[in-house]
**Q** 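The structure that follows is given in the form of structure tokens.
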Amino acid sequence: MEKILVLDFGGQYNQLIARRVREQHVYAEIRSYDGIGVDDIAEEAYKGIILTGGPNNVYEETSPHYDPKILDLGIPVLGICYGAQLICFMAGGKVSSAGSSSEYGKVRLTKDDTKLFLDLPRESVCWMSHTDYISQIPEGYRITGRTDHCPCAAMEDTSGDIYGLQFHPEVTHTEYGKDIFRRFLYDICGCRGDWSATGFARRQIERYREELRGKKVLLALSGGVDSSVAAVILHKAIGRNLMGVFVDHGLLRKGEGDYIEKTLKGDLGINMIRVNAKERFLKKLKGIWEPEQKRKIIGEEFIRVFEEEARKVGPISVLAQGTIYPDVIESGKGASAVIKSHHNVGGLPEDVSFEQIVEPLNQLFKDEVREAGIMLGIPPELVFRQPFPGPGLAVRILGEITEEKVKLLQEADAIFREEIGKADLDQKPGQYFAVLTDSRSVGVKGDARFYGYVVALRAVTTEDFMTADWTRLPYDLLECTAARIVNEVAGISRVVYDISQKPPATVEWE
Ligand code: XMP
């Protein structure tokens, strides 16, 4: 399979670069600049190399640099932002601080007709984010694009193998970004496009059919898309030798445990057991108010239950996990130094040892996992489910968790989801849910005053959940939802709508 190396210098869009390449049906692999040497790059027979952006100043000694031999391998190289400045630095040109000419945001680019920009308009919009610039191009290079403030927005060497772009083609604001990737991959690197997530999933099925023949494999199922797709791949490969364990901690949304069981076991035929462990979790959570402590207790209890079930089903030598490619990169194999901030339910039991761990999705991005999921016949409702935190409703019930509060929240949340489902919205919010606050307020039902809980509704519009805006839901929809919640859920007296943005607020309330 042809592949492109994305050499990571720590920029925030590096995963996006790899995704853009894969969208063009070419496999891209992200490696940290300090994790692979130039000889290994030559050995691996990459069709092309992309040097990513990064937060450093290339002229500082402590900044990440690379062996200049990378430019002599005969493999086409595309440097983006810091990557372009690094090419300039390695080839003997000059990079300087742009001072007040720094550019950030959409900028007009004027470009020449070159192989990389073939047939693209002479003027277009590109997206810039830089405080340094290429002040003198290396010998043997020429400038092929410029903006009002950046004399070298694009350059290439005269052999036509090495390219540098000061702007970011991977960001959708760059009008012809996709075309530029296409030219680089197909016209310059000579790729033919043999990658697809669905092809990958099919190959994984074949591979595990051989590799795991006669072995029993354990997999924790959460009902989320990753563990479900991993389960279907393994189910198709090894059938009943896959043993899925679905730990229902009782903090799922209304009807969700049954839906997960019905879909995975009933419809898809996966060999799995459901453990109803609500009582255990509620007992452990009694008297706990602090959100991080709730997360920790749930994470630990989850592992306990999983371990117990694993022991019950007898000796199992292989553990499968739904790890996806961003988890692999974020766990330190890339340079972006992203620290996982969320404690996810489903960690690896520490004192149960397995001979082998398999991760069927560890080369796929989230959207590729979804694509594979659809091809494998998983229902779209499950594949495109909104994200749901591992600790479940525990982080949506402020203060102490009780069975009564879980029930109230499940009912209120179900009404909100039902109303959103029915509404004719152009686009559904990225995530939407109800929160049970720890406040009570006065209400009047019939002729009687009563004290009920205040429920908050949260709906956010977001691309990546790192930043989020509150969704401008129609007033009628909010009104109808609020009226139904107060009327139908005894114990709730008031409904409010959360209009906080992230940052500074978070999506979840705890
Ligand atoms: P925040 O609240 O940090 O949420 O803005 C961003 C995204 O992460 C989800 N989230 C979690 N997911 N375990 C998870 O698996 C957690 O503890 C957790 N906390 C937040 C949240 O639902 C949103 O999609």
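Ligands are counted one by one from 1 in listed order, and the atoms in each one are counted from 1 as well. Residue numbers start at 1 and run along the sequence shown.
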**Q** Please could you name the atoms of ligand 1 that Lys502 approaches to less than 4.0 Å, counting only its heavy atoms?
**A** 1 (P), 3 (O), 5 (O), 6 (C)
**Q** Which residues pass the side-chain contact (heavy atoms from CB on, under 4.5 Å) test with Asn241, sequence neighbours left out?
**A** Lys216, Ile238
**Q** Does a salt bridge link Asp438 with Lys405, judged by any charged N lying under 4.0 Å from a carboxylate O?
**A** yes
**Q** Is the distance from the ring center of Trp127 to that of Tyr104 below 6.0 Å?
**A** yes
**Q** Quick check: does Arg295 get an N/O under 3.5 Å from an N/O on ligand 1?
**A** yes
**Q** Checking contacts here: is it the side chain or the backbone of Ala468 that comes within 4.0 Å of ligand 1, counting heavy atoms only? Could be both or neither.
**A** neither
**Q** Side-chain donor-acceptor contacts of residues 165-172 below 3.5 Å, not counting sequence neighbours, with atom names and distances?
**A**
residue	atom	partner	partner atom	Å
Gln166	OE1	Gln85	NE2	3.1
His168	ND1	Glu170	OE2	2.7

**Q** For ligand 1, which is the ligand I care about here, please tell me if Val507 has any N or O atom under 3.5 Å from one of the ligand's N or O atoms.
**A** yes
**Q** Using distance alone, decide if ligand 1 has a nitrogen or oxygen within less than 3.5 Å of any nitrogen or oxygen in Pro391.
**A** no
**Q** If you count the atoms of ligand 1 from 1 in the order shown, which ones are under 4.0 Å from a heavy atom of Thr506?
**A** 1 (P), 2 (O), 5 (O)
**Q** Check the angle between the aromatic planes of Phe416 and Tyr432 and answer parallel, tilted or perpendicular using the 30° and 60° thresholds.
**A** perpendicular
